[in-house]
Amino acid sequence: MTHLEQVKAILSSTLGLGALRLDEDTALLGNLPELDSMAVISLINAIEQHFGIDVDDDEISARHFATLGSLASFVELKLAQ
């Protein structure tokens with residue numbers, strides 16, 4: 001399973017999106033009403049636990065949550081560090 005697929009599964013599970021079709025270019029912030037500020041925190045926690053990474057508060061940026069692909073790229077960057 002690719003990082004994109006894993007992030008997609010975490011996003012769907014955390015937000016309770018069910019069978020909603022998501023792809024790399026799916027807009028997240030401003031497009032998914034379920035993704036509010038509290039959901040962002042829950043999503044970050046789920047990503048940290050799943051991938052065994054730590055995300056500092058100052059690393060969180062709206063650009064990382066622009067699309068599913070940008071969020072997966074951020075995870076890949078964190079895993080490479």
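Owing to the predicted nature of the structure, the values given are computational and were not obtained by experimental measurement. Position 1 is the first residue of the sequence, and the numbers go up from there.
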Item to check | Spacing of CD1 belonging to Ile53 relative to CG belonging to Leu79, to within rounding of 0.5 Å | outcome: 5.5 Å
Checklist entry - Hey, are Asp23 and Thr26 close enough side-chain-wise for a donor-acceptor pair under 3.5 Å? => result yes
Next on the checklist: Please find the pair of heavy atoms, one from Phe65 and one from Val40, that lie closest to each other, and give the distance.
Outcome noted: CZ-CG1, 3.9 Å
Checklist entry - Minimum heavy-atom separation for Gln6 to Met1, with atom names? => result NE2-O, 3.0 Å
Item to check | Interatomic spacing from CG in Asp36 to CD1 in Ile41 - rounded to 0.5 Å | outcome: 9.0 Å
Checklist entry - When hydrophobic residues are tied together by side-chain contacts of less than 4.5 Å, even through go-betweens, does Ile60 share a cluster with Leu15? => result yes
Item to check | For the student: nearest non-hydrogen atoms of Ala72 and Val7, plus distance | outcome: CA-CG2, 4.1 Å
Checklist entry - Has the side chain of Asp56 got a donor or acceptor atom that lies under 3.5 Å from a matching backbone atom of Asp58? => result no
Next on the checklist: Rounded to the nearest 0.5 Å, what separates atom OG1 in Thr67 from atom CG in Leu28?
Outcome noted: 6.5 Å
Checklist outcome for this item: Rounded to the nearest 0.5 Å, the NE2 atom of His50 sits from the CD atom of Glu48 at a distance of 13.0 Å
Checklist entry - If you take all heavy atoms of Asp54 and Glu59, which pair is closest and at what distance? => result O-OE1, 3.8 Å
Checklist entry - Just by modelled atom types, is the Arg63 backbone N or O under 3.5 Å from a matching donor or acceptor in the Ser70 side chain? => result yes
Item to check | Donor-acceptor pair, side chain of Lys8 and main chain of Leu22, under 3.5 angstrom | outcome: yes
Item to check | Interatomic spacing from NE2 in His64 to CG in Leu71 - rounded to 0.5 Å | outcome: 9.0 Å
Item to check | Chi angles and distances behind the side-chain contact (heavy atoms from CB on, under 4.5 Å) call for Phe51, Ile10 | outcome: CA-CA 11 Å; Phe51 290 103; Ile10 293 167; 3.8 Å; yes
Checklist entry - Quick one: OG1 on Thr14 to CD on Glu34, what's the gap to the nearest 0.5 Å? => result 12.0 Å
Checklist entry - Looking only at heavy atoms, which two atoms of Ala27 and Leu32 are closest? And how far apart? => result O-CG, 4.1 Å
